[in-house]
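The next block holds one structure in the form of structure tokens; read it before the comments.
As the structure is a prediction and not an experimental result, all values here were calculated from the model. Values below: all heavy atoms of this structure, side chains included; hydrogens, waters and symmetry mates excluded. Protein chains get the first letters and strands the later ones, always in sequence-line order, with residue 1 at the start of each.
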Amino acid sequence: MDSKVRVRFAPSPTGGLHLGGVRTVLFNYLFAKHHGGEFILRIEDTDQTRFVAGAEQYILDTLNWCGLTPDESPLHGGAYGPYRQSERKAIYTQYAQTLIEKGFAYYAFDTPEDLEEKRKQVPNFQYSRAHRMEMKNSISLAENEVSELLKKNTPHVIRIKIPDEEEVVFTDIIRGEVRFDVSTVDDKVLLKADGMPTYHLAVVVDDYLMKITHAFRGEEWLPSAPVHILLWKYLFGLDKMPKWAHLPLILKPEGSGKLSKRDGERLGFPVFAMDWSDPITKETTVGFKEKGFLPEAFINFLAMLGWNDGTDKEIFTIEELIAAFDLERVHKGGAKFDYEKAKWFNQEWIKKTDNKILAELLQPFFDQANIEIHERSYLIKVIGLVKDRCHLLTDFITQSSFFFAAPKSIDTAAILPKWEEKKQAFFTALSNSLKEMKGKPLAAELETHFKTLAATHEIKPGDLLLPLRIMLVGGKFGPGVFDIIESIELPDTIARIVHSLQLLSEK
RNA sequence: GGAGCGUUCGACUAAGGGUUAGGUCACCUCCCUUUCACGGAGGUAAUACGGGUUCGAAUCCCGUACGCUCUACCA
């Protein structure tokens with residue numbers, strides 16, 4: 001690289017950040033850090049009608065949770081601010097003006113109603129060479145008419161004048177050479193009637209001013225790339241233009257099409273990185289964080305959606321991702337989102353994460369479930385016992401709640417079919433004998449005791465183990481029975497057996 | 001309709017002219033485990049179609065089909 005790599009992520013603050021957005025951030029971040037460059041967050045809030053309060057903070061929080069902190073942003077500052085486009089309004093006006101002066105853009109006075117009408121009349125209406133002269137603009141109108149309209153402050157926009165014939169060619173890092181015959185694109189609005197720029201003007205102006213060297217965005221932007229390239233040519237010169245890469249889309253798990261918030265709701269998985277509550281509708285959309293994902297797993301999973309390092313390695317730390325990342329190995333085709341695989345990544349990361357750290361991360365989940373943790377060290381021990389069977393952090397609640405309080409319900413229906421007098425007698429004897437034991441016996445000790453007692457009652461231990469488990473945890477799940485007894489200790493164990501025995505006798 | 005992009009097991013993907021087309025998730029079987037997992041060993045399963053080029057094509061070329069994205073004073 002001849003100059004320092006600078007990349008940017010430029011979201012509109014209109015709601016929660018979804019998977020595709022986070023992956024775009026991730027690829028930007030990985031690329032920047034791989035090359036020792038900078039990652040910039042720019043807020044594209046030029047559409048006041050879609051602006052949502054709190055969305056910007058949410059984006060910052062999300063990036064923070066993911067560990068993808070920008071080097072420059074509205075929050076962090078930087079030498080190329082302001083980083084909110086709404087605060088850069090005057091800058092865009094100036095460039096739009098330049099384009100008009102050079103004849104690459106023109107004023108258009110058509111009202112939204114005019115356009116709607118025209119679109120109704122003409123089947124595939126394009127505001128372009130074919131119909132430009134039929135519209136109300138500074139090309140079709142006489143010069144004095146135009147200056148009159150401008151003087152009277154008639155609402156107007158500024159449109160780019162797409163050349164009649166020109167082939168725009170550029171090299172996309174992922175896709176290679178891409179060609180467009182410009183005659184099929186229309187005269188996009190550059191500056192809106194309210195004086196705000198559209199995306200088209202704003203990206204190129206800001207990418208230039210912020211010295212962006214590489215511009216990555218979703219594949220949905222590919223069709224408008226010729227407009228941006230023309231603008232670069234007119235305004236700053238193609239030699240200054242960043243290298244482009246259009247990232248493949250993240251698709252619905254079944255069927256086809258871009259993954260949307262709705263798909264998550266329909267299929268029961270998160271699509272946003274973190275919980276998002278719409279300030280107006282008050283509707284909350286669940287996020288990966290609250291669903292129980294580790295940020296490392298979330299990032300790891302996203303990285304593997306459309307990229308791999310060419311080996312069989314799948315579990316990567318962020319440092320490993322930075323070291324291995326190479327845009328040219330990014331896939332061209334879209335990737336379907338697979339929630340099962342996402343959970344697998346999370347499980348792998350849970351296994352990898354130290355129990356002490358897990359205890360800290362788990363605390364809020366236990367708090368929310370109203371489970372009181374008296375001793376952190378006890379929590380850590382329990383985590384070690386159950387972590388192998390947890391895909392999500394929320395699984396720890398169901399997998400371990402019985403370590404902290406007696407189960408709310410006992411699945412007696414699972415015991416009853418094979419329940420008999422002599423088992424009743426055994427468990428009575430067991431609870432009595434446990435009362436005799438002192439201190440905190442270890443699992444192995446307890447197991448020996450249990451088996452000896454079973455033998456004297458002439459019952460196979462296997463016939464007794466499942467009922468015991470259900471008495472202790474409420475159902476057919478959880479770690480080894482004797483590990484559980486060792487942890488919850490004698491008094492609780494006895495209480496649970498006695499309680500269950502009573503339930504069973506009532507049936 | 002137009003333009004652009006894409007297409008390897010159900011899913012994510014590897015293989016960049018020569019492999020029995022490999023790995024992971026999911027699914028199935030077995031082992032371990034007197035629960036559920038974890039772990040271990042196996043299994044099912046793919047180059048969209050048709051033409052070329054070539055001794056040889058998943059790979060290069062052309063066409064077809066299908067899919068997707070865009071086609072707003074939204075990004």
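rU35(B) is unpaired under the criterion used here, namely a Watson-Crick or G-U wobble arrangement in which both key atom distances are under 3.5 Å. The partner of rU64(B) is rA48(B), judged by Watson-Crick or G-U wobble contacts that both fall below 3.5 Å. Nucleotide rA21(B) forms a pair with no other nucleotide shown, judged by Watson-Crick or G-U wobble geometry with both contacts under 3.5 Å.
The residue Gly218(A) sits apart from the nucleic acid: no heavy atom pair falls under 4.0 Å. Backbone-only contact: Ala335(A) has heavy atoms under 4.0 Å from sugar-phosphate atoms and none from a base. Nucleic acid contact for Leu249(A): sugar-phosphate only, since backbone atoms but no base atoms lie under 4.0 Å from a heavy atom of the residue. Counting non-hydrogen atoms under 4.0 angstrom, Asp110(A) reaches a base of the nucleic acid. Nucleic acid contact for Ser224(A): none, since no nucleic acid atom lies under 4.0 Å from a heavy atom of the residue. Using a 4.0 Å heavy-atom cutoff across all strands shown, Pro479(A) reaches at least one base atom of the nucleic acid. Residue Gln126(A) is in sugar-phosphate contact alone, with no base atom involved, counting any heavy-atom pair closer than 4.0 Å across all strands shown.
Of the candidates rG22(B), rC73(B), rC25(B), the closest approach to any side-chain atom of Asp312(A) belongs to rG22(B).
Distances shorter than 4.0 Å separate some side-chain N or O of Thr46(A) from OP1 or OP2 on rA75(B). In this structure, Arg159(A) reaches the rC73(B) phosphate: one of its side-chain N or O atoms is under 4.0 Å from OP1 or OP2. Taking side-chain N and O atoms only, His331(A) has a distance below 4.0 Å to OP1 or OP2 of rA14(B). Taking side-chain N and O atoms only, Asn308(A) has a distance below 4.0 Å to OP1 or OP2 of rA14(B). Contact annotation: Arg119(A) reaches the phosphate of rC73(B) (side-chain N/O to OP1 or OP2, under 4.0 Å). Residue Lys192(A) places none of its side-chain N or O atoms closer than 4.0 Å to OP1 or OP2 of rA72(B).
Comparing rU64(B) with rG2(B), their P atoms sit 13 Å apart, to the nearest whole Å.
In the interface, the side chain of Arg389(A) is not paired with the base of rC38(B) through any donor and acceptor atom under 3.5 Å apart. In this model, no side-chain donor or acceptor of Lys258(A) finds a partner on the base of rU69(B) within 3.5 Å.
When ring centroids are compared, Phe337(A) and Phe269(A) come within the 6.0 Å threshold.
In this structure, Glu458(A) places its CD atom where only 12 or fewer heavy-atom neighbours from other residues, nucleotides or ligands lie under 6.0 Å away. In Lys387(A), the NZ atom is crowded: over 12 heavy atoms of neighbouring residues, nucleotides or ligands sit closer than 6.0 Å.
Between Lys332(A) and Glu219(A), no side-chain nitrogen of the basic residue sits less than 4.0 Å from a carboxylate oxygen of the acidic one, so the salt-bridge criterion is not met. Between Arg50(A) and Asp47(A), at least one side-chain N (NZ, or NE/NH1/NH2) sits under 4.0 Å from a carboxylate O, which counts as a salt bridge.
Counting to the nearest Å, the P atom of rU13(B) and the CG atom of Asp326(A) are 16 Å from each other.
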